[in-house]
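Here's the structure, in structure tokens; my notes come after.
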Amino acid sequence: LETYLQYLPFQLPLETASGTIGGDFTLQFNEEEKDNRFNIAFDLILSDFKGVSARDFLSIQSDKILLAGHYNPVKSQLTIDNLKTDESSVISKFDDFNQELEEIFAAASRNTSPSTSSQHATGLNIQNLELKNSSLKIVPRNNSSKTQEWQNINLFVKNYSSIPENNGA
């Protein structure tokens with residue numbers, strides 16, 4: 001599937017540096033719901049995965065990541081129904097980890113179409129995210145401070161949305 005990721009109608013926050021991506025993409029049509037008539041559903045397994053951000057400031061490594069959801073190109077919304085990983089490692093080479101996360105999610109929420117030069121936001125919904133027994137290491141780029149490391153992180157996120165409740169969509 002890695003060959004086809006460049007054809008997705010949105011920019012991924014991370015690029016695949018190594019590993020394999022397998023699974024299914026399904027085109028879903030629903031005549032009943034006006035704003036939800038077409039979705040691109042995915043159910044993926046990322047094995048021996050290493051992903052890096054565009055400027056290599058952030059890397060994520062995991063033996064196995066389960067990722068399922070759908071993208072609605074009409075509403076420009078990405079929904080992660082389920083993202084699960086165990087014993088993942090995150091390394092940040094950035095002086096401000098919060099700023100790096102903001103830049104990654106901002107990149108994921110911008111969509112540049114080849115036919116236009118404008119960018120528009122892609123809404124992000126996360127129904128279920130489970131990160132178990134994982135680690136985070138922050139390595140400062142300018143050696144101005146010590147490396148920080150956290151082990152045995154368990155993070156659970158339910159029902160997150162970057163889309164304002166009353167946006168009229």
(Q) Run the side-chain contact (heavy atoms from CB on, under 4.5 Å) test on Asp81 and His70 for me, step by step, so that the C-alpha distance in whole Å, both residues' side-chain angles and the decisive distance to 0.1 Å come before the verdict. (A) CA-CA 8 Å; Asp81 294 321; His70 61 275; 3.6 Å; yes

Q | Nearest-0.5 Å distance that lies between atom CG in Asn154 and atom OG in Ser134 | A | 7.5 Å

Q: Check side-chain contact (heavy atoms from CB on, under 4.5 Å) between Lys137 and all other residues, then give those that pass, not counting sequence neighbours.
A: Ile91, Val139, Thr147, Glu149

(Q) Among residues at least two apart in sequence or on other chains, which ones pass salt bridge (Lys or Arg N to Asp or Glu O under 4.0 Å) with Lys132? (A) Glu130

Q: Kindly determine whether Ile138 and Trp150 satisfy side-chain contact (heavy atoms from CB on, under 4.5 Å), including the steps that lead there.
A: CA-CA 9 Å; Ile138 300 175; Trp150 291 274; 3.5 Å; yes

Q.
Is there a path of hydrophobic side-chain contacts, each under 4.5 Å between heavy atoms, that joins Leu66 and Ile21?
A. no

Q.
Could you see if Leu46 belongs to whatever hydrophobic cluster contains Leu155? Use Ile, Leu, Val, Met, Phe, Trp, Tyr and a side-chain cutoff under 4.5 Å.
A. yes

Q) Quick one: does Lys64's side chain get under 4.5 Å of Asp86's, heavy atoms only? A) no

Q: Under the ring pair (Phe, Tyr, Trp, His ring centres under 6.0 Å) rule, collect the residues that match up with Phe38, sequence neighbours excluded.
A: Phe29

Q. Between Phe25 and Leu44, is any pair of side-chain heavy atoms under 4.5 Å apart?
A. yes

Q: Could you tell me which residues satisfy side-chain contact (heavy atoms from CB on, under 4.5 Å) with Thr85, sequence neighbours excluded, listed by chain and number?
A: Ser62, Ile65, Ser88, Leu131

Q) Where do Ser59 and Val52 come nearest, in terms of heavy atoms and distance? A) CB-CG1, 3.9 Å

(Q) Which heavy atom of Phe57 sits nearest to which heavy atom of Ser53, and what is that distance? (A) N-OG, 3.1 Å

(Q) Using every non-hydrogen atom in the two residues, find where Leu58 and Ser92 come nearest and quote the distance to one decimal. (A) CD1-CB, 3.8 Å

(Q) To the nearest 0.5 Å, what is the distance between CG on Asn72 and CZ on Arg37? (A) 11.5 Å

Q: For Asp63, check side-chain hydrogen bond (donor to acceptor under 3.5 Å, both in side chains) against everything at least two apart and list the hits.
A: none

Q) Can Gln77 and Asn125 be said to form a side-chain contact (heavy atoms from CB on, under 4.5 Å), step by step? A) CA-CA 8 Å; Gln77 290 184 4; Asn125 298 304; 3.8 Å; yes

Q: Kindly write out the residues that satisfy side-chain contact (heavy atoms from CB on, under 4.5 Å) with Ile80, not counting sequence neighbours, or none if the list is empty.
A: Phe42, Leu67, Leu78, Leu83, Leu124, Ile126

(Q) So Thr79 and Gln127, do their side chains get closer than 4.5 Å, heavy atoms only? (A) yes

Q. With no hydrogens and no angle check, is any side-chain donor or acceptor of Asn30 less than 3.5 Å from a backbone partner on Glu32?
A. yes

Q | Side-chain donor-acceptor contact under 3.5 Å, Asn133 with Asn152 | A | no

Q.
For a side-chain contact (heavy atoms from CB on, under 4.5 Å) check, start with the C-alpha distance between Phe156 and Asn128, then their side-chain angles and the critical distance, and finish with the verdict.
A. CA-CA 7 Å; Phe156 302 91; Asn128 183 53; 5.9 Å; no

Q. Taking all atoms of both residues into account, what is the closest heavy-atom pair of Gln61 and Lys50, and its distance?
A. CG-CB, 4.1 Å

